[in-house]
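These notes are about the structure you will find just below.
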Number of protein chains: 2
Amino acid sequence: MRRKPGQLLPLEVEILEVGLALQRQGLTHFHGYSLAKLLRERGGRRSLTAHGTLYRALHRLVSAGLMEASWEDHGIAERENRPRRRLYRLLGAAEPAVARARAAERARPKLGSLQPDLESP
Amino acid sequence: MRRKPGQLLPLEVEILEVGLALQRQGLTHFHGYSLAKLLRERGGRRSLTAHGTLYRALHRLVSAGLMEASWEDHGIAERENRPRRRLYRLLGAAEPAVARARAAERARPKLGSLQPDLESP
DNA sequence: CGACAATAGGCAGATATCTGCCTATTGTCA
DNA sequence: TGACAATAGGCAGATATCTGCCTATTGTCG
């Protein structure tokens, strides 16, 4: 769907949130497949069976300048005997972007994120 | 199943036959996935949905000294934007081994490869 | 010959990433 | 506000290779 520049979609926010959480644990780099597993554990809600959607969202975040992508070293994949990973790293712009997205969501809540309205009894 | 040394199993013979056919076309190297497609076209009979059986057979043929395996150059896979292939090449011992297997099969035909018995009317 | 050991074959799925196609959602403009 | 354009999400499947588990088949030995 069309969207105004700078705005983040739910999946993108989720990716960045997981990324920030990993960063807090000292893990600066992650890859798509691991992210898929984390997201599955996290919410359970998102199927992501065929991870096409996720990889496209990752590419978008790179294009948006919020993440940086690089290919894993050949040798590592080789030693561990598995396909090569594409490693993603959050850029500085990511954290404020998430904060803005969260603020925007609080201001304009979508159906599904309805919270008990304590202000208007 | 157990087998006496030097004997080839049907799948192994098929692999080597396809390999020899490719060789005659000037294609000395092939990889597992392409082989799976060729075998599927060829007989149709073998499912090979999850190619585990095929890859194991390839490893056996390498251990048996009938084929040689090598990893494709990183750069090629990278340029073509796909996983790296393991390339197989028939060794000199392959052709006589197939010939022997075929001769053995003619001598001791299994159920399923029954040919019209023209010798004993 | 019949029981046993060993291994082959098949099924399922892990590991990674990516594309095509169709539908759903959203912003914009008339 | 309602129609349209654009793009996001989901499903399916391609590209490659490999492991685990269970069953089927085979050679050997008592």
Side-chain angles (χ1 to χ4, degrees), chain A residues 1-15 30-40 43 45-64 69-72 74 76-88 104 108 110-112, chain B residues 1-15 30-40 43 45-64 69-72 74 76-88 104 108 110-112:
Chain A
M1 75 285 267
R2 297 176 75 178
R3 65 168 139 167
K4 45 184 85 151
Q7 207 199 312
L8 289 178
L9 294 163
L11 177 53
E12 294 165 358
V13 174
E14 251 183 288
I15 290 171
F30 56 93
H31 62 103
Y33 196 75
S34 69
L35 191 62
K37 283 193 285 192
L38 287 170
L39 289 174
R40 212 183 325 145
R45 60 167 195 68
R46 209 173 292 276
S47 58
L48 247 31
T49 46
H51 311 141
T53 305
L54 180 63
Y55 285 104
R56 267 184 275 236
L58 286 168
H59 294 333
R60 287 200 300 273
L61 289 167
V62 170
S63 311
S70 60
W71 279 103
E72 177 187 49
H74 290 115
I76 298 172
E78 208 146 331
R79 271 192 293 284
E80 302 191 11
N81 210 49
R82 50 162 181 68
R84 207 150 152 235
R85 296 170 178 165
R86 194 186 275 274
L87 299 174
Y88 294 92
R108 175 192 20 80
K110 297 276 175 294
L111 305 182
Chain B
M1 77 283 272
R2 296 176 77 178
R3 65 168 139 166
K4 45 184 83 151
Q7 207 199 312
L8 290 178
L9 293 163
L11 176 54
E12 294 165 356
V13 173
E14 253 184 286
I15 290 171
F30 55 93
H31 61 102
Y33 196 74
S34 68
L35 191 62
K37 282 193 285 193
L38 288 170
L39 289 174
R40 212 184 325 146
R45 60 167 196 68
R46 210 173 291 276
S47 58
L48 245 34
T49 45
H51 310 142
T53 304
L54 180 62
Y55 285 105
R56 266 185 276 234
L58 286 168
H59 295 333
R60 286 201 301 273
L61 289 167
V62 170
S63 310
S70 61
W71 280 102
E72 177 186 49
H74 289 116
I76 298 173
E78 208 146 331
R79 272 192 293 282
E80 301 191 11
N81 210 50
R82 50 162 181 68
R84 208 151 153 233
R85 297 171 178 164
R86 194 186 275 273
L87 299 174
Y88 293 92
R108 174 189 25 75
K110 296 275 176 293
L111 304 182

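Numbered from 1 within each chain, the chains take letters A, B, ... in sequence-line order. Predicted model only: the values in this text are computed from it and were never measured.
Proximity note for A:R56 (side chain, C-beta onward) versus D:dT17, D:dG10, C:dT17: the nearest is D:dG10. Of the listed nucleotides (D:dA16, C:dT17, D:dA12), C:dT17 has the atom at the smallest distance from the side chain of A:Y33.
Between A:L9 and A:W71, the residue anchored closer to the 5' end of DNA chain C is A:W71, taking for each the nucleotide with the nearest heavy atom. Comparing A:T53 and B:R3 along DNA chain C, the residue whose closest nucleotide (by nearest heavy atom) sits nearer the 5' end is B:R3. Both A:E12 and B:K37 sit near DNA chain D, but only A:E12 has its closest nucleotide nearer the 5' end.
Rounded to whole angstrom, the span from the CD atom of B:E80 across to the C1' atom of C:dC18 amounts to 15 Å. Rounded to an integer number of Å, the gap from A:L54 CG to D:dC11 P is 14 Å. One atom, CZ of A:R85, and another, C1' of C:dT15, lie 8 Å apart when rounded to the nearest Å. In this structure, A:R82 places its CZ atom 10 Å from P of C:dT15, rounding to the nearest Å. Per the geometry, OH belonging to B:Y55 stands 18 Å off P belonging to C:dA12, to the nearest Å. At whole-Å resolution of the value, CD in B:E72 and C1' in D:dA16 are 10 Å apart. Computed from coordinates, the B:L58 CG to D:dA16 P distance equals 14 Å when rounded to whole Å. Taking atom CG of residue A:N81 and atom C1' of nucleotide D:dT19, one finds them 10 Å apart after rounding to whole Å.
Within the 4.5 Å cutoff, side-chain heavy atoms of B:H74 are placed close to those of A:E78. Side-chain contact between B:H31 and B:E72: absent, with no pair of heavy atoms (C-beta onward) separated by less than 4.5 Å. A:R82 is listed as a side-chain neighbour of A:I76, based on a closest heavy-atom distance under 4.5 Å.
Within the 4.0 angstrom heavy-atom criterion, only backbone atoms of the sugar-phosphate kind lie near A:G32; the bases stay farther away.
In this structure, B:R86 reaches the D:dC18 phosphate: one of its side-chain N or O atoms is under 4.0 Å from OP1 or OP2. Phosphate contact (OP1/OP2 of C:dG27, side-chain N/O of A:Q7, threshold under 4.0 Å): present. Of the side-chain N and O atoms in B:H59, one or more sit less than 4.0 angstrom from OP1 or OP2 of D:dC18. Distances shorter than 4.0 Å separate some side-chain N or O of A:H31 from OP1 or OP2 on C:dT17.
Note on ring orientation: taking the six-membered ring where Trp is involved, the planes of B:Y55 and B:H51 are tilted (angle from 30° to 60°).
Remark: the B:R60 side chain and the C:dG9 base include no donor-acceptor N/O pair separated by less than 3.5 Å.
Taking A:R85 as the reference, nothing meets the salt bridge (Lys or Arg N to Asp or Glu O under 4.0 Å) condition, with sequence neighbours excluded.
In terms of heavy atoms, B:G32 sits closest to B:L58 at CA-CD1, 3.9 Å.
For the strand DNA chain C, secondary-structure stems (runs of at least three Watson-Crick or G-U pairs, all distances below 3.5 Å) span C:1-30 with D:1-30.
A distance of 9.0 Å separates CG in A:L35 from CD in A:E14, rounded to the nearest 0.5 Å. Taking CG of B:L54 as the start and CD1 of B:I15 as the end, the distance is 5.0 Å to the nearest 0.5 Å.
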